[in-house]
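Here the structure comes first, spelled out in structure tokens, and everything after it is commentary.
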Amino acid sequence: MVCFIIKKLFSHRVNQRTQVTGTMADERIEEITKKIATYPDFPKPGISFKDIFSVLLEPRVFRNLMAVLEERVRRVCPGVQAVVGLESRGFLIGTPLALALDIPFVPIRKKGKLPGKVKQVSYTLEYGTDVFEAQESSIKKGQKVVILDDLLATGGSMKAACDLVTAMGGEVLLCLVCIELLDLKGCEKFSHPFDAVVKF
Ligand SMILES: O=P(O)(O)OC[C@H]1O[C@H](OP(=O)(O)OP(=O)(O)O)[C@H](O)[C@@H]1O
Ligand SMILES: Nc1ncnc2[nH]cnc12
């Protein structure tokens with residue numbers, strides 16, 4: 001209900017509402033921002049690659065990132081029932097977040113990697129196309145989920161994940177990323193509530 005109201009107020013962005021306030025919080029995010037390394041022209045010319053792994057190299061900064069993500073989920077969608085993480089970098093932050101919230105972690109993987117019956121959706125990336133899959137039994141009808149990823153670029157991956165979760169009967173309460181590339185306007189691709197810790 002709260003998410004619904006926030007969504008109505010801020011369209012697809014909930015940053016204004018979920019931003020952690022206070023000096024400590026701002027300092028954590030400032031430090032996380034500084035730690036994210038940028039690699040020009042990787043993996044293709046014209047792509048400015050933002051590397052979440054540089055944050056994971058420092059346990060204190062990684063812990064602060066996880067704390068910020070957890071605070072935002074608890075604040076915006078306290079009734080959340082699962083964390084959905086996108087392969088592969090979304091797994092790195094999705095699994096510790098699910099553990100911290102004591103709820104299931106649901107992987108969305110690229111085609112052909114999940115056993116058993118799967119549901120799939122195809123999508124376009126900033127530098128290619130791919131197919132996402134989830135195990136049929138991993139998302140229950142009516143289950144309230146947060147979708148988590150390291151980065152939002154064109155928004156193709158997040159939109160595909162929203163479509164897949166919705167097609168499986170899940171309810172997307174929040175799409176959450178560590179890094180948003182503002183110029184690419186990826187959050188305009190989908191209509192679910194969205195939040196990002198760091199924006200470039
Ligand atoms: O907003 P988009 O344009 O869809 O791009 C963002 C996605 O691209 C990257 O994943 P990638 O497919 O490169 O996989 P990886 O995490 O395994 O490196 C990133 O981790 C996001 O999932
Ligand atoms: N610019 C970028 N940096 C890191 N990961 C990405 N995935 C898609 N675009 C990306």
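Values below: every heavy atom of this structure, side chains too, minus hydrogens, waters and symmetry copies. As the structure lists them, so they are numbered: ligands from 1, and atoms in each ligand from 1.
Taking a 4.0 Å cut-off on heavy atoms, Asp150 registers as neighbouring ligand 1. Put simply, no part of Gly186 is less than 4.0 Å from ligand 1, judged by heavy atoms. Not a single heavy atom of Lys159 sits closer than 4.0 Å to an atom of ligand 1.
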- Apply the test salt bridge (Lys or Arg N to Asp or Glu O under 4.0 Å) to residues Arg74 and Glu70: give CA-CA distance (whole Å), side-chain angles for both, the deciding distance (0.1 Å), then the verdict. CA-CA 6 Å; Arg74 287 190 187 280; Glu70 184 184 346; 2.9 Å; yes
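Interface atoms of ligand 2 facing Ser48, defined by a heavy-atom separation under 4.0 Å, are 1 (N), 2 (C), 3 (N). Contact atoms of ligand 1 toward Ser157: 2 (P), 4 (O), 5 (O), 6 (C), 7 (C) (distance under 4.0 Å to a heavy atom of the residue). Counting the atoms of ligand 2 from 1 in the order shown, those under 4.0 Å from a heavy atom of Ala153 are 8 (C), 9 (N). Within the listing of ligand 2, atoms 4 (C), 5 (N) sit less than 4.0 angstrom from a heavy atom of Arg89.
For ligand 1, the polar-atom distance check against Gly155 finds a nitrogen or oxygen pair separated by under 3.5 Å. Of the N or O atoms in Asp149, one or more lie within a sub-3.5 Å distance of an N or O in ligand 1. Considering backbone and side-chain N/O of Leu86, none are found under 3.5 Å from N/O of ligand 1. Considering backbone and side-chain atoms alike, Lys50 places an N or O below 3.5 Å from some N or O of ligand 2.
Cluster annotation: Phe53 and Leu181 are assigned to the same hydrophobic cluster (Ile/Leu/Val/Met/Phe/Trp/Tyr, side-chain heavy-atom contacts under 4.5 Å, transitive). Connection of Val118 to Met168 is not established within any shared hydrophobic cluster, with ILVMFWY side chains joined at heavy-atom distances below 4.5 Å, either directly or through further cluster members.
Residue-level proximity to ligand 2 for Thr154 is absent, since no heavy atom of it falls below 4.0 angstrom. Neither the backbone nor the side chain of Met158 comes within contact range of ligand 1; no heavy atom lies under 4.0 Å.
Counting only non-hydrogen atoms, the option in Arg109, Lys50, Lys110 that gets closest to atom 12 (O) of ligand 1 is Lys110. For atom 3 (O) of ligand 1, the nearest non-hydrogen atom from the set Val177, Thr154, Ile52, Leu92 belongs to Thr154. Closest to atom 6 (C) of ligand 2 by heavy atom, among Ile179, Leu151, Ile52, is Leu151.
Other residues, nucleotides and ligands contribute over 12 non-hydrogen atoms within 6.0 Å of the NZ atom of Lys189. Under a cut-off of 6.0 angstrom, the local environment of NZ in Lys140 is crowded, with over 12 non-hydrogen atoms contributed by other residues, nucleotides or ligands. When the shell of 6.0 Å around CZ of Phe200 is examined, it contains more than 12 heavy atoms from other residues, nucleotides or ligands.
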Validation: residues 55-64 side-chain donor-acceptor distances under 3.5 Å, sequence neighbours left out:
from  : atom 1 : to    : atom 2 : distance (Å)
Glu58 : OE2    : Lys35 : NZ     : 2.9
Arg60 : NH1    : Glu31 : OE1    : 2.9
Arg60 : NH1    : Glu31 : OE2    : 3.4
Arg60 : NH2    : Glu31 : OE2    : 2.7

In residues 102-114, what donor-acceptor pairs under 3.5 Å come from side-chain atoms, sequence neighbours left out?
from   : atom 1 : to    : atom 2 : distance (Å)
Arg109 : NE     : Glu87 : OE1    : 3.0
Arg109 : NH2    : Glu87 : OE2    : 3.2
Lys113 : NZ     : Glu87 : OE2    : 2.6

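Between Leu65 and Ile52, the closest side-chain pair of non-hydrogen atoms falls below 4.5 Å.
Although no hydrogens or angles enter the test, the distance criterion places no donor-acceptor pair under 3.5 Å between the side chain of Thr166 and the main chain of Asp163.
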